Amino acid sequence: MHKNMTNTEIAELLRAVAAAYQLQDEDKNHFKIVAYQRAADAVEHASSELKDLWDERKLDEIPGIGKSIAEHLGELFITGKSNHFELVMKGLPSQMFELMKIPGIGVKTAYSLSSKFKHKIREKSAIEDLEKIAKGGGIAKLEGFGEDSENAILSSIKEVRGREDRLLLPYAMQIAEDIVSWMNKSNEVRRVDALGSLRRYASTVGDVDIAVSSDNPKETIEHFTKYPKKSRVLEKGVRTASIIVPGGKQVDLMVEKPESYGSLLQHFTGSKHHNIALRTMALKKEYSVSDYGIYVLDKKRRSQKALKSSRKSLRKFATEEEFYKFLGMDWIAPELREDNGEIQAAINHKLPKLVVLKDIKADLQIHSDFDIETSHDLGESSMQDLVEEAETLDYEYIAFTEHNPSHSKHTENEIVELLKRKREKVDAINYSLKSKNNSKRILKVFNSLEIDILPNGKLPVSDKGLGTLDFALISIHSSFRLTKTQMTQRVLSALSQPKVKIFAHPVARKLGAREGIELDWEKIFEFCLKNDKWLEINADPMRLDLPDFLVREAVKKGVKLTLGTDAHHATHMANMEFGVSVARRGWAEMQDIINTRSLEEFEKMIEL
DNA sequence: GCCGTTTTCGGCCCGACTGTTTTCAGTCG
């Protein structure tokens with residue numbers, strides 16, 4: 001028996017096949033190479049495991065996987081290998097794929113190095129081995145290499161080693177903010193924007209992308225490369241430059257004149273797939289789109305080679321709105337630019353009216369420091385401080401959702417007693433809020449609880465304990481590795497409790513640290529819809545859970561969602577921004593989100 | 001190899017920078 005391949009492994013394999021074709025004959029295989037790379041991208045971004053899709057005969061639902069690749073993958077799932085893939089990759093040194101993880105080393109370089117040092121570079125320690133060779137001056141001597149490329153390889157190896165994984169949003173934002181304020185120190189700079197995956201609020205960010213509007217690109221680039229906190233300048237041209245900042249993170253900068261800045265904003269925001277789809281669509285209308293603007297092509301354009309000469313005039317765009325309008329489209333919110341149907345929707349004027357931060361009238365997951373001897377970490381701020389923060393944020397209501405009292409350390413009765421104390425405390429807060437006697441709107445505080453779902457689907461709180469609550473959240477904090485069927489049953493069983501309204505951080509992932517659990521989402525969605533249960537979008541930047549692609553599925557089915565920051569300190573309540581961005585990436589509108597409802601509506605919705 | 005609101009055949013996004021060259025290949029976004 002062979003173990004099932006994960007999506008990541010399949011993507012790696014497809015990229016290896018693309019590399020093999022590239023080495024064979026890059027020109028002849030060009031589109032085949034692109035196709036395999038696109039398939040690899042698609043597999044990486046797929047929302048389900050490919051093996052599961054294959055089991056359900058739904059492999060063709062993934063755009064980029066056609067008949068041929070699907071067949072090879074099928075063979076792979078049945079026999080553990082694909083004859084075709086093996087044939088294509090025959091004779092390729094396996095070390096080369098390790099070397100390709102070093103920035104600047106691509107297919108050709110990796111192949112040439114691993115062939116030349118066949119015995120000195122071993123697969124298990126390819127990068128270390130290459131470093132030794134480079135340090136000994138062994139690379140500079142090779143034909144086609146030199147001292148500069150040897151040094152570049154050495155720097156890259158150091159960075160790849162010191163580099164953390166992709167950044168969580170707040171860290172990427174911090175890097176971007178520092179650069180933006182540095183760039184604003186230059187008189188030549190008219191405007192600076194952080195773009196790329198950060199502007200699209202992807203769950204994690206690889207590189208930080210910065211665009212600058214300036215009449216003087218040369219000076220702007222010069223200023224950028226003098227950024228005091230940089231560890232080194234990676235590239236420096238007339239229009240773009242890249243630096244490495246501490247942590248090994250790369251910051252890319254592009255400059256454009258104000259009259260064309262809209263095109264740069266559009267281009268540099270991406271995503272790559274959005275841009276490719278957009279440009280392909282434009283080409284059918286005889287427009288050639290680039291980061292400079294849009295060339296209107298000569299109708300008689302016959303071939304790719306004639307493309308450049310068939311260009312007539314360049315249309316420039318100072319704003320993104322003008323750019324999209326020229327193509328006959330509505331402006332598309334950055335969060336939607338993933339080539340998931342937004343282009344067609346923009347042409348048909350059918351884009352969703354995405355929820356925005358100021359629609360949010362409540363935070364539905366907050367942990368105070370009120371000690372009910374919880375099973376997991378208590379919050380750090382007092383209920384009073386959290387209430388004040390909620391008033392500052394202009395919320396109409398909030399819910400205190402401490403973890404349930406520890407099941408193992410207390411009897412059922414003790415748990416009920418602890419919960420009664422919290423009930424009294426919350427009642428007292430609501431009473432004092434009401435008697436403040438000012439003209440302002442009165443904040444309402446709900447008494448809730450985040451309850452562990454035990455592995456058997458039961459809750460560690462009795463009916464009597466549940467009776468003290470206005471409503472309950474449930475979530476998974478243990479036994480993450482049950483089978484999909486067991487896990488689904490576990491969750492549905494817990495959701496059946498009448499007091500339970502919200503399934504919190506449903507995937508239970510921790511970005512960069514823990515994969516999520518496996519659930520039968522069709523069943524979960526169906527149950528939620530039928531029984532009026534809601535799925536949380538957890539706004540903690542380390543969770544962002546439900547993930548955007550599942551939000552999209554939920555929204556399509558009409559399942560309602562809640563937003564909660566999972567704040568364990570008053571300052572964490574500001575993370576709502578990240579939760580809203582996930583909702584937007586899932587095409588959620590105001591009516592999809594429960595906590596856009598007024599207090600009166602919400603109170604009706606939690607009545608039993 | 002993939003794909004279709006002009007197509008099941010004939011197309012496939014567009015550009016910048018570096019290093020080693022002497023006109024370009026390789027890499028990246």
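This is a predicted model, so every value here is computed, not measured. Residue numbers begin at 1 in each chain, while the letters A, B, ... track the order of the sequences.
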**Request:** Considering only atom C1', compute the distance from B:dT27 to B:dT20 and round it to an integer number of Å.
**Result:** 14 Å
**Request:** Return no unless some side-chain N or O of A:H30 is found under 4.0 Å from OP1 or OP2 of B:dC2.
**Result:** no
**Message:** Which is it for B:dT6, anti or syn, if anything within 90° of zero counts as syn?
**Reply:** anti
**Request:** Please tell me which of the listed nucleotides, B:dC17, B:dG29, B:dC13, lies nearest to the side chain of A:R279?
**Result:** B:dC13
**Request:** Please determine if A:R161 and A:E131 form a salt bridge, counting it only when a charged side-chain N lies under 4.0 Å from a carboxylate O.
**Result:** yes
**Request:** Could you check whether A:L278 gets within reach of a base, just the sugar-phosphate, or nothing at all, counting any heavy atom under 4.0 Å?
**Result:** nothing
**Item:** A:F145 over B:dT20, stacked by centroid distance under 5.5 Å, angle under 30°
**Value:** no
**Asked** Is A:N275 touching bases, backbone alone, or none of the nucleic acid, heavy atoms closer than 4.0 Å?
**Response** nothing
**Request:** Just call it for A:Q22: base, sugar-phosphate, or nothing, with non-hydrogen atoms closer than 4.0 Å on any strand.
**Result:** nothing
**Asked** Does the pair A:E188/A:K218 count as a salt bridge with the N-to-O cut at 4.0 Å?
**Response** no
**Item:** Check: A:D540 side chain, A:M542 main-chain N or O, donor-acceptor pair, under 3.5 Å
**Value:** yes
**Asked** Does the side chain of A:T240 get closer than 4.0 angstrom to OP1 or OP2 of B:dG15 through an N or O atom?
**Response** no
**Request:** Answer with base, sugar-phosphate or nothing: what part of the nucleic acid does A:V238 contact at a heavy-atom distance below 4.0 Å?
**Result:** sugar-phosphate
**Request:** Measure from the side chain of A:P63, starting at C-beta and using heavy atoms only, and say which of B:dC17, B:dC3, B:dG1 lies closest.
**Result:** B:dC3
**Request:** Please determine if a side-chain N or O atom of A:S149 lies less than 4.0 Å away from the OP1 or OP2 oxygen of B:dG19.
**Result:** no
**Message:** Below the 4.0 Å mark, does B:dC12 have OP1 or OP2 next to a side-chain nitrogen or oxygen of A:T280?
**Reply:** no
**Message:** Between A:Q174 and A:D178, is there a side-chain donor-acceptor contact under 3.5 Å, judged purely by atom types and distance?
**Reply:** yes
**Asked** Across the strands shown, which category fits A:N29 at heavy-atom distances under 4.0 angstrom: base, sugar-phosphate, nothing?
**Response** nothing
**Request:** Determine, for A:R337 against A:E320, whether the closest basic-nitrogen to carboxylate-oxygen distance falls under 4.0 angstrom.
**Result:** yes
**Item:** Parallel, tilted or perpendicular: rings of A:W182 and A:H223 (30°, 60°)
**Value:** parallel
Atom pairs under 3.5 Å, N or O on each side, protein against nucleotides 4-7 of chain B: can you list them with distances?
none

**Asked** If you check every side-chain atom of A:R38, which of B:dG15, B:dC2, B:dG26 has the closest atom?
**Response** B:dC2
**Asked** Where does the angle between the aromatic ring planes of A:F85 and A:Y36 fall among parallel (under 30°), tilted (30 to 60°) and perpendicular (over 60°)?
**Response** perpendicular
**Message:** Using a 4.0 Å heavy-atom cut-off, does A:K272 contact any base of the nucleic acid, only the sugar-phosphate backbone, or nothing at all?
**Reply:** nothing
**Request:** State whether A:Y292 places a side-chain N or O below 4.0 Å from either non-bridging phosphate oxygen (OP1 or OP2) of B:dA16.
**Result:** yes
